[in-house]
Trainee: 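My structure is below; once you've seen it, I'll send some questions.
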Amino acid sequence: MIYAIILLGAIGIIFGIILGVVNKKLSVKTDPREEAIIDALPGANCGACGFAGCAACGAAIFNGEAPIDACPVGGPACAEAIAAILGVEASSAEPSIARVACNGSPDNAKTLYDYTGAKSCIVAKTSFNGQKMCDFSCFGFGSCAAACPFEAIDMVNGLPVVNRKKCTSCGICVSTCPQTLMHLVPRKQHVFVNCSNLIKGKAVMAACKVGCIKCKKCEKTCEFDAIHVTDVARIDYDKCTNCQACVAVCPTKCITVDTFTDDFSKAPKAEDTEPAGCSSCASRDTCQSKE
């Protein structure tokens with residue numbers, strides 16, 4: 001018995017030595033910068049970057065197969081850290097946040113029938129395009145909230161509400177929504193069009209209390225050329241100053257100010273922007289500085 005134990009121990013030691021030598025001979029040396037990049041990533045492994053996980057994303061960035069700002073969860077801070085590791089210039093992309101372009105809650109939007117199918121927006125999409133009269137409205141079953149890996153979306157009165165502190169701008173909710181209502185918008189933005197309908201005004205009023213009727217009052221009012229009505233009112237976030245003049249004239253109130261923000265006090269005032277066109281805002285009593 002004791003000889004068998006000694007023999008097995010000797011065999012184990014011999015194989016251990018052989019494996020150690022083979023491992024040393026065949027090992028592939030990795031650049032420490034690749035490991036540093038992987039360490040700089042948030043480790044969420046959410047897949048929002050399009051890679052299998054943070055390690056794959058880090059390797060792709062190091063090998064030049066992905067940009068240094070490939071991780072939407074890490075944001076600008078992560079990109080800057082990676083840029084420092086690689087000795088390149090960081091991206092200047094602005095931080096963004098997810099937002100839903102619909103205010104079709106049960107109080108506002110009319111339904112066509114009682115939906116009894118699976119509580120999934122994707123399934124509802126295949127069932128006569130959902131239960132709402134407006135074909136472009138939120139179904140309200142929370143597929144976006146269920147898909148969010150950061151628990152940053154809550155369903156409130158049948159609509160998704162994004163928690164600004166939890167949202168990482170990963171974009172998973174954007175790709176999940178079958179109605180394409182979720183969008184990534186600049187965090188600095190506070191004025192939004194809460195509608196995505198592409199139907200005409202009379203049909204809009206029959207379907208939803210707060211839908212865009214394409215009246216163009218917002219477009220005519222904006223002194224910064226920041227909002228235009230084509231298929232629906234759309235804001236150019238590069239031009240918008242958050243002056244809220246469009247909010248004041250919108251007859252259906254589909255344009256609103258996001259008051260559930262953590263940095264609204266830092267929003268630029270109309271008088272601080274160029275061109276300086278405050279006369280109209282003052283006449284409409286919409287200047288924020290009066291608040």
Side-chain angles (χ1 to χ4, degrees), residues 28-101 144-145 147-154 160-177 182-192 224 226 234-242 257-269 272-274:
V28 178
K29 292 184 178 179
T30 58
D31 192 309
R33 293 178 299 171
E34 181 176 340
E35 292 297 328
I37 292 173
I38 295 173
D39 290 341
L41 293 170
N45 291 313
C46 62
C49 57
F51 295 95
C54 291
C57 179
I61 294 173
F62 176 73
N63 293 318
E65 298 168 354
I68 60 174
D69 59 351
C71 176
V73 176
C78 179
E80 290 177 4
I82 294 173
I85 295 169
L86 295 175
V88 299
E89 186 174 348
S91 170
S92 59
E94 289 187 7
S96 58
I97 190 173
R99 202 175 191 287
V100 59
C144 55
C148 179
F150 305 100
E151 298 181 345
I153 300 177
D154 295 313
V161 176
V162 178
N163 185 321
R164 292 177 64 89
K165 293 183 179 179
K166 292 183 177 180
C167 180
T168 63
S169 185
C170 69
I172 291 177
C173 60
V174 176
S175 59
T176 300
C177 178
M182 302 299 296
H183 303 278
L184 295 180
V185 301
R187 273 185 176 267
K188 68 178 183 181
Q189 185 67 24
H190 299 277
V191 177
F192 299 97
F224 305 98
R234 299 182 187 278
I235 295 176
D236 184 339
Y237 299 130
D238 290 332
K239 296 180 178 178
C240 180
T241 65
N242 291 307
V257 180
D258 186 352
T259 56
F260 299 99
T261 61
D262 51 10
D263 55 355
F264 180 72
S265 61
K266 298 178 181 178
K269 303 297 188 293
D272 296 332
T273 59
E274 293 292 340

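All of these numbers come straight from a predicted model, not from anything done at the bench. Scope of the values below: all heavy atoms of this structure, side chains included, with no hydrogens, waters or symmetry mates.
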Trainee: Between Arg33 and Phe62, is NZ or CZ placed under 6.0 angstrom from the six-membered ring centre and within 45° of the ring axis?
Mentor: no
Trainee: So which atom in Ala81 and which in Ala40 form the shortest heavy-atom distance, rounded to 0.1 Å?
Mentor: CB-CB, 4.4 Å
Trainee: Hey, are the side chains of Val191 and Ile235 touching, using non-hydrogen atoms and a 4.5 Å cut-off?
Mentor: yes
Trainee: Do Arg164 side-chain atoms and Ala152 backbone N/O form a donor-acceptor pair below 3.5 Å?
Mentor: no
Trainee: Find out whether Leu184 and Val174 are in side-chain contact, i.e. whether some heavy atom of one side chain is under 4.5 Å from a heavy atom of the other.
Mentor: yes
Trainee: With the side chain counted from C-beta on, respond yes when Phe224 and Cys240 share a heavy-atom pair under 4.5 Å apart, and no when they do not.
Mentor: no
Trainee: Could you tell me which residues satisfy side-chain hydrogen bond (donor to acceptor under 3.5 Å, both in side chains) with Lys239, sequence neighbours excluded, listed by chain and number?
Mentor: Asp225
Trainee: Side-chain contact test, heavy atoms from C-beta onward, threshold under 4.5 Å: evaluate it for Pro95 versus Pro76 and give yes or no.
Mentor: yes
Trainee: Taking all non-hydrogen atoms of both residues into account, name the closest pair between Pro42 and Val73 and its distance.
Mentor: CG-CG1, 3.9 Å
Trainee: What's the spacing between Glu151 CD and Asn163 CG if we round to 0.5 Å?
Mentor: 10.5 Å
Trainee: Evaluate Val162 against Val100 for side-chain contact (heavy atoms from CB on, under 4.5 Å), listing each step before the verdict.
Mentor: CA-CA 8 Å; Val162 178; Val100 59; over 6 Å; no
Trainee: Give a yes or no on whether the backbone of His190 and the side-chain of Asn242 come within a donor-acceptor separation of less than 3.5 Å.
Mentor: yes
Trainee: Would you check, one step at a time, whether the test side-chain contact (heavy atoms from CB on, under 4.5 Å) holds for Ile153 with Met182?
Mentor: CA-CA 11 Å; Ile153 300 177; Met182 302 299 296; 4.2 Å; yes
Trainee: Which heavy atom in Pro72 sits nearest to a heavy atom in Ala70, and how many Å separate them?
Mentor: CD-O, 3.0 Å
Trainee: Say you draw a straight line from NE2 of His183 to CD1 of Ile97; how long is it, rounded to the nearest 0.5 Å?
Mentor: 14.0 Å
Trainee: Looking at every heavy atom in both Thr176 and Ala147, which two are closest together, and how far apart are they?
Mentor: OG1-CB, 3.4 Å
Trainee: Is there a side-chain contact (heavy atoms from CB on, under 4.5 Å) between Ile37 and Leu86 once you walk through the steps?
Mentor: CA-CA 9 Å; Ile37 292 173; Leu86 295 175; 3.7 Å; yes
Trainee: Do you know the tightest heavy-atom contact between Arg187 and Cys167?
Mentor: NH2-O, 3.1 Å
Trainee: CD1/Ile172 to SG/Cys144 distance, rounded to the nearest 0.5 angstrom?
Mentor: 12.0 Å
Trainee: Quick one, Gln189 and Asp258 - any side-chain contact, counting heavy atoms below 4.5 Å?
Mentor: no
Trainee: Evaluate the side-chain proximity of Val185 to Ser96: yes if any heavy-atom separation is below 4.5 Å, no if none is.
Mentor: no
Trainee: CG of Asp39 to CD1 of Ile85: how many Å apart, nearest 0.5 Å?
Mentor: 8.0 Å
Trainee: For a 4.5 angstrom cut-off between non-hydrogen side-chain atoms, does Cys57 reach Leu41?
Mentor: yes
Trainee: Does Cys173 reach the side chain of Cys148, with side-chain heavy atoms less than 4.5 Å apart?
Mentor: no
